[in-house]
Amino acid sequence: QVQLVESGGGLVQPGGSLRLSCAASGFTFSRSAMHWYRQAPGKEREFVAVITAAGKTIYGDSVKDRFTISRNNANSTVYLQMNSLKPEDTAVYYCYCGGTSYWGQGTQVTVSS
C-alpha cells in the first residue's frame with residue numbers, strides 16, 4: 001500500500017522559513033522522482049520542485065533561489081526547505097511520486113504577519 005505523508009506545515013511570518021517532509025512507503029522510493037506541488041485557494045495546483053532518482057533538481061520560477069528540495073533514500077523521505085517565505089507562498093503543499101497517481105494528503109503553509 002503506497003503512502004505519502006507530509007508534515008512540517010504551519011503559520012510563519014513573511015521572511016521566515018519552514019521545512020516540509022514527506023515520508024514515503026509502499027514503493028521503491030530510491031528509483032522514483034519525487035515532486036512537490038502546491039495549491040492556493042481558488043487557484044490551480046502549481047508545480048514547486050522535483051528531485052529525480054539521480055538527485056537532479058528542477059524548480060518552479062516562483063520559488064527558485066528560495067526553496068530547496070532534497071531526499072534521503074535511507075529513510076524514504078523527501079524534504080522541501082522553504083526560505084524567505086512570502087504571503088503568496090500560502091497554499092496546501094502536496095508530495096507526489098512521479099509517473100504515478102500517488103499523492104499525499106497535503107500540509108497547510110500560511111505566511112502571514
Side-chain angles (χ1 to χ4, degrees):
Q1 180 183 357
V2 173
Q3 281 195 313
L4 295 170
V5 180
E6 300 98 335
S7 61
L11 174 64
V12 63
Q13 292 188 342
S17 299
L18 280 176
R19 188 173 87 149
L20 306 183
S21 300
C22 172
S25 61
F27 63 98
T28 308
F29 179 84
S30 62
R31 297 179 183 177
S32 302
M34 298 300 299
H35 303 238
W36 286 98
Y37 280 76
R38 67 186 183 185
Q39 189 165 20
K43 295 189 176 181
E44 294 187 353
R45 195 166 290 192
E46 175 190 17
F47 169 75
V48 175
V50 60
I51 184 166
T52 69
K56 179 180 178 181
T57 58
I58 301 171
Y59 296 92
D61 288 341
S62 60
V63 306
K64 205 173 295 184
D65 299 325
R66 298 188 298 121
F67 290 11
T68 302
I69 188 171
S70 61
R71 66 190 298 156
N72 184 330
N73 290 337
N75 63 14
S76 298
T77 301
V78 59
Y79 303 97
L80 186 68
Q81 177 67 44
M82 306 186 295
N83 298 330
S84 302
L85 283 161
K86 305 175 182 180
E88 50 264 44
D89 295 317
T90 295
V92 178
Y93 284 71
Y94 297 92
C95 178
Y96 167 66
C97 178
T100 73
S101 59
Y102 306 142
W103 292 83
Q105 83 289 349
T107 186
Q108 175 70 47
V109 172
T110 302
V111 184
S112 175
S113 55

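- Here V12 pairs with L18, L85, V111 under the side chain to side chain contact (heavy atoms under 4.5 Å, CB included) rule; sequence neighbours left out.
- A donor-acceptor distance shorter than 3.5 angstrom exists from the side chain of E6 to the backbone of G106, with no hydrogens or angles considered.
- Pairs passing the disulfide (SG to SG under 2.5 Å) check and including a residue from residues 68-113, sequence neighbours excluded, read C22-C95.
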List, one per line, each side-chain donor-acceptor pair under 3.5 Å for residues 58-77, sequence neighbours excluded.
from : atom 1 : to  : atom 2 : distance (Å)
Y59  : OH     : I69 : N      : 2.9
D61  : OD1    : K64 : NZ     : 3.1
S62  : OG     : R38 : NH2    : 3.2
S62  : OG     : E46 : OE2    : 3.0
R66  : NH1    : S84 : O      : 3.0
R66  : NH1    : D89 : OD2    : 2.8
R66  : NH2    : S62 : O      : 2.8
R66  : NH2    : D89 : OD1    : 2.9
R66  : NH2    : D89 : OD2    : 3.4
R71  : NE     : N73 : OD1    : 3.0
R71  : NH1    : S32 : O      : 2.8
R71  : NH1    : I51 : O      : 3.4
R71  : NH1    : T52 : O      : 3.0
R71  : NH2    : F29 : O      : 2.7
R71  : NH2    : S32 : O      : 2.9
R71  : NH2    : N73 : OD1    : 3.4
N72  : OD1    : A74 : N      : 2.9
N72  : OD1    : N75 : N      : 3.4
N75  : OD1    : T77 : N      : 3.4
N75  : OD1    : T77 : OG1    : 3.2
T77  : OG1    : N75 : O      : 3.0

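- In terms of the side chain to side chain contact (heavy atoms under 4.5 Å, CB included) criterion, residue partners of R19 (sequence neighbours excluded) are, by chain and number, Y79, Q81.
- Other members of the cluster containing L11 do not exist, because no ILVMFWY side chain is joined to it at under 4.5 Å.
- Looking only at distances, a side-chain donor or acceptor of T107 sits under 3.5 Å from a matching main-chain atom of G9.
- A 6.0 Å sphere centred on CD of E88 holds more than 12 heavy atoms belonging to other residues, nucleotides or ligands.
- In terms of hydrophobic clustering, with Ile, Leu, Val, Met, Phe, Trp and Tyr side chains grouped at heavy-atom distances under 4.5 Å, F47 and L20 are assigned to different clusters.
- Evaluation of the disulfide (SG to SG under 2.5 Å) test over residues 55-84, restricted to residues two or more places apart or in two chains, returns none.
- Side-chain contact between P87 and P14: present, with at least one pair of heavy atoms (C-beta onward) separated by less than 4.5 Å.
- T57 is linked by a side-chain hydrogen bond (donor to acceptor under 3.5 Å, both in side chains) to nothing, counting only residues two or more places apart in sequence or in another chain.
- Across every non-hydrogen atom of Q105 and L4, the tightest pair is OE1-O, 3.4 Å.
- Looking at K56 and V50, their side chains never come closer than 4.5 Å, going by heavy atoms from C-beta outward.
- Applying the ring-ring contact (aromatic ring centres under 6.0 Å, His included) test to residues at least two apart or on different chains, the pairs with a partner in residues 85-113 are H35-Y96, Y37-W103, Y96-W103.
- With hydrophobic clusters built from ILVMFWY side chains whose heavy atoms lie under 4.5 angstrom apart, L80 does not share a cluster with V5.
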